[in-house]
Amino acid sequence: MSSAIEELLPTAMREKRLIRFVFNGRERIAEPHDHGVLKGTERLLAYQLKPRQGWRLFTVSEMSDPALLEQTFPGSRHAPTGKHHNWERVFGRVGPAK
């Protein structure tokens, strides 16, 4: 995992700030929600805002050019029923919306 991403995610989740990064050759803007190990792979569960809105699970090692944006978001979102992940290890999780 990139040390830049490693440093960025805890701050983004703690401060509830949007992140920008490149994944599969496309720029993404997202709300980071859960960061941990799922099925043996380090992942980020995020609510992607651009290019399309919706929940996405990203493989952290495939993310590049991360940036912490000034824009904030309220906090955790309601996950669709039956879509919860069984994380093997959780490094960070965004706090509840206020």
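Reckoned from all heavy atoms, side chains included, excluding hydrogens, waters and symmetry mates.
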If you look only at distance, which donor and acceptor atoms sit under 3.5 Å apart when one is on a side chain in residues 44-51 and the other is two or more places apart or in another chain?
| residue | atom | partner | partner atom | Å |
| --- | --- | --- | --- | --- |
| Gln48 | OE1 | Arg28 | NH1 | 3.1 |
| Gln48 | NE2 | Arg52 | O | 2.9 |

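The shortest distance between side-chain heavy atoms of Leu18 and Thr72 does not fall below 4.5 Å. Contact of the Asp34 side chain with the Val90 side chain is not registered, since no non-hydrogen atoms from C-beta on lie closer than 4.5 Å. Residues Leu68 and Ile19 form a side-chain contact, since some pair of their non-hydrogen atoms from C-beta on lies under 4.5 Å apart. Contact annotation: the side chain of Arg17 never approaches that of Phe73 to less than 4.5 Å [non-hydrogen atoms, C-beta and beyond]. Counting heavy atoms from C-beta outward, Leu9 and Phe91 have side chains that stay 4.5 Å or more apart.
Residues satisfying the side chain to side chain contact (heavy atoms under 4.5 Å, CB included) criterion with Thr41, sequence neighbours excluded, are Arg43, Thr59. Judged as a side chain to side chain contact (heavy atoms under 4.5 Å, CB included), and not counting sequence neighbours, the contacts of Glu88 are Val37, Lys39.
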(request) Go through Phe21 and Glu27 one step at a time and tell me if the side chain to side chain contact (heavy atoms under 4.5 Å, CB included) criterion holds. (result) CA-CA 6 Å; Phe21 56 94; Glu27 183 178 83; over 6 Å; no

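Contact detail for Pro32 and Ala12: the closest heavy-atom pair is CG-CB, 3.8 Å. Here the closest heavy-atom approach between residue Pro66 and residue Ile5 is recorded as CG-CG1, 3.4 Å.
The environment of CZ in Arg20 is sparse: at most 12 heavy-atom neighbours from other residues, nucleotides or ligands sit within 6.0 Å.
Proximity of the aromatic rings of His35 and Phe58 is defined here by a centroid distance below 6.0 angstrom, and this criterion is not met.
With hydrogens and angles disregarded, no donor-acceptor distance shorter than 3.5 Å links the side chain of Lys16 to the backbone of Glu31.
Follow the hydrophobic side-chain contacts under 4.5 Å out from Val22 and you never reach Leu57; the two are in separate clusters.
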